[in-house]
Colleague: 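I have a structure here, written as structure tokens, and I will follow up with some questions on it.
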Number of protein chains: 2
Amino acid sequence: MLVKSEQAITNADRTFFQLRKDIVEGIIPAGSKLSEMELSTKYEVSRAVIREAINRLATCHLVERKANVGARIVALSPEGLVQLYQVREALEGMAARLAARHMSDKEIADMQALLDSHFDKVKDGQSYYQEAGDVDFHYRIVTGSKNDHLISVLVDGLYHLVRMYRVQLGMAGPRVSTAFDEHRHIVNAIANRDEELAEMLMRRHILYSKNNIEKKLNHD
Amino acid sequence: MLVKSEQAITNADRTFFQLRKDIVEGIIPAGSKLSEMELSTKYEVSRAVIREAINRLATCHLVERKANVGARIVALSPEGLVQLYQVREALEGMAARLAARHMSDKEIADMQALLDSHFDKVKDGQSYYQEAGDVDFHYRIVTGSKNDHLISVLVDGLYHLVRMYRVQLGMAGPRVSTAFDEHRHIVNAIANRDEELAEMLMRRHILYSKNNIEKKLNHD
DNA sequence: TATTTAACTAATGTCGACAATATAGACCTG
DNA sequence: CAGGTCTATATTGTCGACATTAGTTAAATA
């Protein structure tokens, strides 16, 4: 559990983090409008701070702005989810390839140890750690790519939207053990410095994950 | 030549576009610091407008902000270029795959006609149209993917950085006819609805392009 | 002289007020 | 009554001033 802790320096930082949290967790409903005045009273900061926070949310694709009209939180849709996972497949596939190229032996060993500890918890039925473990795994691969653009787009951007879908559509579901095996195979490929295989396995892993979620959506 | 013409609504829009242009074209040198006061007098707008413009530039990865310190334009480096093209390879590869899946027959026919017209110009040695043609081609593939995330990240983000490298490192160079043939093959794969091939050809096309630029860089 | 500390300066962060714009509703007109 | 125009109002866009922070220079002490 070594996910970077982005710490707030300015007031705008704090407001941005708080707003993002409230949006991802659905405290502010998806699709709703964001009123600058309303938020500035609610979060007890000036409109300038709220505006900056909203602008940052727009860069994460969590809200959409229209000039002279305002911002509203994105609506969650099956098509949106599909498009999101298509981009994940492309970017994280490349991340796995680059991780196989650039991760140090120590980083790989640490990741293997991490999977071992996850295995113990999953074995004991602690599904609580499932999502945290999954997040941690993907995070390490992405940072292991050593590609700043990849890291930024995924960690600062898409992952929050992914979490928003997971939380609000209730994707805590199973696929635990199978996903865990897939993680193992990906790490093995990286340990063998097999870029081609690492990318392919990661892409399939994300594709399966998408299919799994889609199946659930259609059953509701 | 049907690249979307993003039109400025607000003052911040205009300032953002102008600043982006000046940065990409090197009028404001890469790596230099952006002073809010200085820019607000130079562009004759208030600091609030400049701040918003700078924030948007940060979204495109054209500038980097540090709290309580300020923003500076990114520095161009060989490593940065490599990382940029790695992301392009992943995203545009996926875009080509999705274009083969989602583009209408008419869109494909239009793109083929576009290549024909480019061919005439290239044949006549009008290398002036080379870059415009290249931009147009890639733009159509990306929008043809019908994936909003892909379109946004590439068109609003990475492409400007790509242009910045091209302009400032003087990448007007040849590789015209070979690149043109590669474009042809990609369009053919899309016309045949061969997703796998379309993605592979696009990835190789971008990989070749990167290698070509790297070779040039090392020869200077 | 080297080092630490303390003021000073210049930049960014934040705020409240004013200007410009879009939306809704009333009113007019065919 | 349908359609369009015009006004009213609420929201966003913009501005200048003030607060706070980082970096620098100068002073003081060991």
Side-chain angles (χ1 to χ4, degrees), chain A residues 5-23 27-75 152 156, chain B residues 5-23 27-75 152 156:
Chain A
S5 57
E6 38 183 10
Q7 67 176 355
I9 309 286
T10 97
N11 243 329
D13 291 337
R14 264 183 293 281
T15 309
F16 167 59
F17 293 147
Q18 185 65 44
L19 251 176
R20 190 179 62 188
K21 182 168 179 288
D22 292 347
I23 290 173
I27 296 173
I28 308 176
S32 61
K33 187 171 184 311
L34 291 178
S35 160
E36 294 181 0
M37 283 191 319
E38 190 182 329
L39 292 175
S40 80
T41 61
K42 182 175 174 183
Y43 290 90
E44 296 177 308
V45 287
S46 80
R47 264 187 62 219
V49 171
I50 292 289
R51 274 178 74 82
E52 176 157 347
I54 289 180
N55 279 331
R56 290 202 220 169
L57 290 170
T59 72
C60 317
H61 298 256
L62 287 176
V63 314
E64 287 168 355
R65 278 205 102 134
K66 252 176 68 181
N68 287 315
V69 174
R72 64 175 47 246
I73 303 180
V74 295
S152 163
D156 297 333
Chain B
S5 57
E6 37 183 11
Q7 67 176 354
I9 307 287
T10 87
N11 244 330
D13 291 337
R14 265 182 294 280
T15 309
F16 167 59
F17 294 147
Q18 185 65 45
L19 251 176
R20 189 179 63 188
K21 182 169 178 287
D22 292 346
I23 290 173
I27 296 173
I28 307 177
S32 61
K33 186 172 185 312
L34 290 178
S35 160
E36 295 181 359
M37 284 191 318
E38 190 181 329
L39 292 176
S40 79
T41 61
K42 182 174 175 184
Y43 290 90
E44 295 177 307
V45 287
S46 80
R47 264 187 61 220
V49 171
I50 291 290
R51 275 178 74 83
E52 175 158 347
I54 289 181
N55 280 331
R56 290 203 221 168
L57 290 170
T59 334
C60 320
H61 298 257
L62 287 176
V63 314
E64 287 167 354
R65 279 206 103 134
K66 250 176 69 181
N68 287 316
V69 174
R72 63 174 48 249
I73 302 180
V74 294
S152 163
D156 297 334

Colleague: Roughly, in whole Å, what's the span from CD in A:E52 to P in C:dT14?
Modeller: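 Going from CD in A:E52 over to P in C:dT14 covers 7 Å.
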Colleague: Taking all non-hydrogen atoms of both residues into account, name the closest pair between B:A71 and B:I54 and its distance.
Modeller: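 It is CB-CG2, 3.6 Å.
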Colleague: Which nucleotide of DNA chain D is the first, and which the last, in the 5' to 3' direction, to come under 4.0 Å of a heavy atom belonging to chain A?
Modeller: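 Result: D:dT11 to D:dT14.
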Colleague: Using atom types as modelled and distance alone, determine if a side-chain donor or acceptor of B:R72 lies under 3.5 Å from a backbone N or O of B:G31.
Modeller: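 Side chain of B:R72 to backbone of B:G31, a donor-acceptor pair under 3.5 Å: yes, one is there.
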Colleague: B:A53 and B:A12: which non-hydrogen atoms are nearest, and at how many Å?
Modeller: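 Closest approach of B:A53 to B:A12: CB-O, 4.5 Å.
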Colleague: Separation of B:R14 atom CZ from C:dA20 atom P, in whole Å?
Modeller: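 Distance, rounded to whole Å: 13 Å.
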Colleague: In whole Å, what is the span from the CG atom of A:N55 to the P atom of C:dG13?
Modeller: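 These atoms are roughly 14 Å apart.
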Colleague: Please state how far atom CZ in A:F16 lies from atom C1' in C:dG13, giving the value in whole angstrom units.
Modeller: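 To the nearest whole Å, that distance equals 17 Å.
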Colleague: Between C:dG13, C:dA22, C:dA17, which one does the side chain of A:N68 approach most closely?
Modeller: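 The nucleotide sitting nearest to the side chain is C:dA22.
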Colleague: Starting from C1' on C:dA17, measure out to CD on A:E36 and report it in whole angstrom.
Modeller: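 It works out to 15 Å between those atoms.
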Colleague: Could you tell me the separation between the CD1 atom of A:I50 and the C1' atom of C:dT14, rounded to a whole number of Å?
Modeller: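 Going from CD1 in A:I50 over to C1' in C:dT14 covers 12 Å.
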Colleague: List the residues meeting side chain to side chain contact (heavy atoms under 4.5 Å, CB included) with B:N68, not counting sequence neighbours, and say none if there are none.
Modeller: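 So B:N68 forms a side chain to side chain contact (heavy atoms under 4.5 Å, CB included) with A:I9.
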Colleague: Want to settle it: does B:V69 or B:I9 sit nearer the 5' end of DNA chain C, counting the closest nucleotide to each?
Modeller: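 Its nearest nucleotide being more 5', the pick is B:V69.
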Colleague: Please identify each residue that fulfils side chain to side chain contact (heavy atoms under 4.5 Å, CB included) with A:A8, with sequence neighbours left out.
Modeller: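 Partners of A:A8 under the side chain to side chain contact (heavy atoms under 4.5 Å, CB included) test: A:D13, A:R14, A:F17.
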Colleague: Between A:V45 and A:K66, just flag the one whose closest nucleotide in DNA chain C comes earlier from the 5' side.
Modeller: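 Upstream on the strand: A:V45.
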Colleague: In whole Å, I'd like the distance from the CG atom of B:D13 to the P atom of C:dA20.
Modeller: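 From B:D13 CG to C:dA20 P: 17 Å.
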Colleague: Tell me: CZ of B:R51 to P of C:dT14, nearest whole Å?
Modeller: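 So the CZ-P distance, B:R51 to C:dT14, works out to 7 Å.
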Colleague: Taking it one step at a time, do A:R56 and A:R20 satisfy side-chain contact (heavy atoms from CB on, under 4.5 Å)?
Modeller: CA-CA 9 Å; A:R56 290 202 220 169; A:R20 190 179 62 188; over 6 Å; no
Colleague: Determine: side-chain N/O of B:K33 to OP1/OP2 of C:dA10, distance under 4.0 Å, yes or no.
Modeller: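 Negative; the distance criterion is not met.
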Colleague: Have a look at B:L39 and tell me which of B:L34, B:V45, B:D22 forms a side chain to side chain contact (heavy atoms under 4.5 Å, CB included) with it.
Modeller: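 Result for side chain to side chain contact (heavy atoms under 4.5 Å, CB included) with B:L39: B:L34.
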Colleague: Which part of the nucleic acid, if any, lies within contact of B:L34, taking any heavy atom under 4.0 Å across all strands shown: a base, the sugar-phosphate backbone alone, or nothing?
Modeller: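 Sugar-phosphate, backbone atoms only, no base.
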